[in-house]
Enquirer: 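To start, I am sharing the structure in question, which I have written as structure tokens.
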Amino acid sequence: MTIRVVPLGGLGEVGMNCMAIELGESGRAPIVVVDCGVMFPHIENGVDVIHPDFEYLVQNRERVLGLVVTHGHEDHIGGIPYLLRRLDVPVYAPPYALGLIAERLKEHAQLVGSADAVRRPRLSPIRPRSPFTLGHGAGVVEVEPIRVTHSIADATALVLRGDGGAVV
């Protein structure tokens, strides 16, 4: 059994926070995605936003249980519309962040039109000290949100528990 942490963005930079965490048997472990943000370019080069590289998640789509968001800053939620175009996964977030995410998804649907619109999202609220389970059978991960202080309301840290152990 293993714990594998796969940074998809946000490592060594401000913005684009996105992490895939695998807990269980190597190569077959369920994947929980934590946060999915964007980064804004520092120079004018015709690029509006930069989002994480989702190819690892797309290649392992059958193991991705869902996306869990820690808080509503743009560098943690801004990439969600781009992810949901590639993967049909449920999104779990604190209520304030969930409201921001819903608005962002509406904006993207209006911008891209119905032909390239984001799938109808499955959005679920999470609450501190209220663990919930993702997956079923052998591919189960328990997620426990923990209240933290941050510069935005309703921020959480996460404890993920699976066959491979626990990650905070």
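Numbers here are sequence positions counted from 1.
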Enquirer: Which atom pair, heavy atoms only, marks the closest approach of G15 to D75?
Expert: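 Smallest heavy-atom distance, with atoms named: CA-CB, 3.6 Å.
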
Enquirer: My understanding is that a hydrophobic cluster links ILVMFWY residues whose side chain heavy atoms are under 4.5 Å apart, including indirect links. Using that, what else belongs to the cluster containing M19?
Expert: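 Its cluster mates, by chain and number, are I3, V5, I21, L23, V32, V34, L65, V68, Y92, I126, F132, L134, V141, V143, L158, L160, V167.
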
Enquirer: Please list all pairs passing the salt bridge (Lys or Arg N to Asp or Glu O under 4.0 Å) test where one or both residues lie in residues 31-42, with sequence neighbours left out.
Expert: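 Checked against salt bridge (Lys or Arg N to Asp or Glu O under 4.0 Å) - neighbours excluded - no pair reaches residues 31-42.
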
Enquirer: Is any NZ, NE, NH1 or NH2 atom of the basic residue among D88 and R61 found under 4.0 Å from an Asp or Glu carboxylate oxygen of the other?
Expert: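 Salt bridge: no.
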
Enquirer: Residues two or more places apart in sequence or in another chain: which of them pass salt bridge (Lys or Arg N to Asp or Glu O under 4.0 Å) with R4?
Expert: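 Residues passing salt bridge (Lys or Arg N to Asp or Glu O under 4.0 Å) with R4: none at all.
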
Enquirer: Assigning hydrophobic clusters by single linkage (Ile, Leu, Val, Met, Phe, Trp, Tyr; side-chain heavy-atom cutoff under 4.5 Å), is L57 placed with L11?
Expert: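 Result: no, two separate clusters.
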
Enquirer: By salt bridge (Lys or Arg N to Asp or Glu O under 4.0 Å), which residues pair with R161, not counting sequence neighbours?
Expert: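 With neighbours one apart ignored, the set is E142, E144.
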
Enquirer: Group every Ile, Leu, Val, Met, Phe, Trp and Tyr by side-chain heavy-atom contacts under 4.5 Å, then state whether L67 and V6 land in the same group.
Expert: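 The answer is yes; both residues are in one hydrophobic cluster.
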
Enquirer: Test of understanding: with side chain to side chain contact (heavy atoms under 4.5 Å, CB included), list the residues that count as partners of L100, not counting sequence neighbours.
Expert: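 If we apply the side chain to side chain contact (heavy atoms under 4.5 Å, CB included) test to L100, skipping adjacent residues, the hits are I77, Y96, I152.
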
Enquirer: How many angstroms lie between SG in C36 and CZ in F54, if you round to the nearest 0.5 Å?
Expert: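 So the SG of C36 and the CZ of F54 are separated by 3.5 Å.
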
Enquirer: Supply the members, apart from I146, of the Ile/Leu/Val/Met/Phe/Trp/Tyr cluster built from side-chain contacts under 4.5 Å; use none for a lone residue.
Expert: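 Same cluster as I146: V159, V168.
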
Enquirer: Apply side chain to side chain contact (heavy atoms under 4.5 Å, CB included) to E103 and list each qualifying residue two or more places apart in sequence or on a separate chain.
Expert: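 Scan of E103 (side chain to side chain contact (heavy atoms under 4.5 Å, CB included), adjacent residues dropped) gives K106.
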
Enquirer: Specify the closest pair of heavy atoms between V89 and G66, including all atoms of both residues, with the distance to one decimal.
Expert: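 For V89 versus G66, the nearest heavy atoms are CB-CA, 4.1 Å.
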
Enquirer: Who are the side chain to side chain contact (heavy atoms under 4.5 Å, CB included) partners of A29, not counting sequence neighbours?
Expert: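 Expected list: E22, R63.
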
Enquirer: Quick one: salt bridge (Lys or Arg N to Asp or Glu O under 4.0 Å) pairs with a partner in residues 145-159, sequence neighbours left out?
Expert: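 Applying salt bridge (Lys or Arg N to Asp or Glu O under 4.0 Å) to every pair that reaches into residues 145-159, excluding sequence neighbours, yields R147-D154.
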
Enquirer: Determine whether T70 and V148 make a side-chain contact, defined as any pair of heavy atoms from C-beta on separated by less than 4.5 Å.
Expert: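 No, too far: nothing below the 4.5 Å cut-off.
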
Enquirer: Looking only at non-hydrogen atoms, find the nearest pair between G135 and V140 and report the distance.
Expert: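 Shortest heavy-atom contact: C-CG2, 4.0 Å.
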
Enquirer: Just grab all the ring-ring contact (aromatic ring centres under 6.0 Å, His included) pairs involving residues 149-168, residues at least two apart or on different chains.
Expert: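 Matches after skipping sequence neighbours: H71-H150, H73-H150.
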
Enquirer: Any side-chain heavy atom of L84 sitting closer than 4.5 Å to one from P121?
Expert: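 L84 vs P121: side chains touch.
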
Enquirer: For the residue pair V38 and H51, what are the closest heavy atoms and their distance?
Expert: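 Taking every non-hydrogen atom into account, CG1-CB, 4.2 Å.
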
Enquirer: So does G37 get a backbone contact from the side chain of N17, meaning a donor-acceptor N/O pair under 3.5 Å?
Expert: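 No, the answer is negative, given that no donor and acceptor are paired below the 3.5 Å cut-off.
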
Enquirer: Kindly indicate whether the side chain of V91, heavy atoms from C-beta on, has any atom under 4.5 Å from the side chain of L123.
Expert: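 The answer is yes; the side chains approach within 4.5 Å.
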
Enquirer: Hey, what do you get for CE (M16) to CG (D53), rounding to the nearest 0.5 Å?
Expert: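 It comes to 9.0 Å.
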
Enquirer: Would you please name every residue forming a side-chain hydrogen bond (donor to acceptor under 3.5 Å, both in side chains) with R127, sequence neighbours left out?
Expert: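 With neighbours one apart ignored, the set is empty.
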
Enquirer: Applying salt bridge (Lys or Arg N to Asp or Glu O under 4.0 Å), name anything that partners E55, two or more places apart in sequence or on another chain.
Expert: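 Once residues adjacent in sequence are excluded, the partners of E55 under the salt bridge (Lys or Arg N to Asp or Glu O under 4.0 Å) criterion are R86.
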
Enquirer: Looking at every non-hydrogen atom in both residues, tell me the closest pair between E25 and T2 and how far apart they are.
Expert: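 That closest heavy-atom pairing would be C-OG1, 4.5 Å.
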
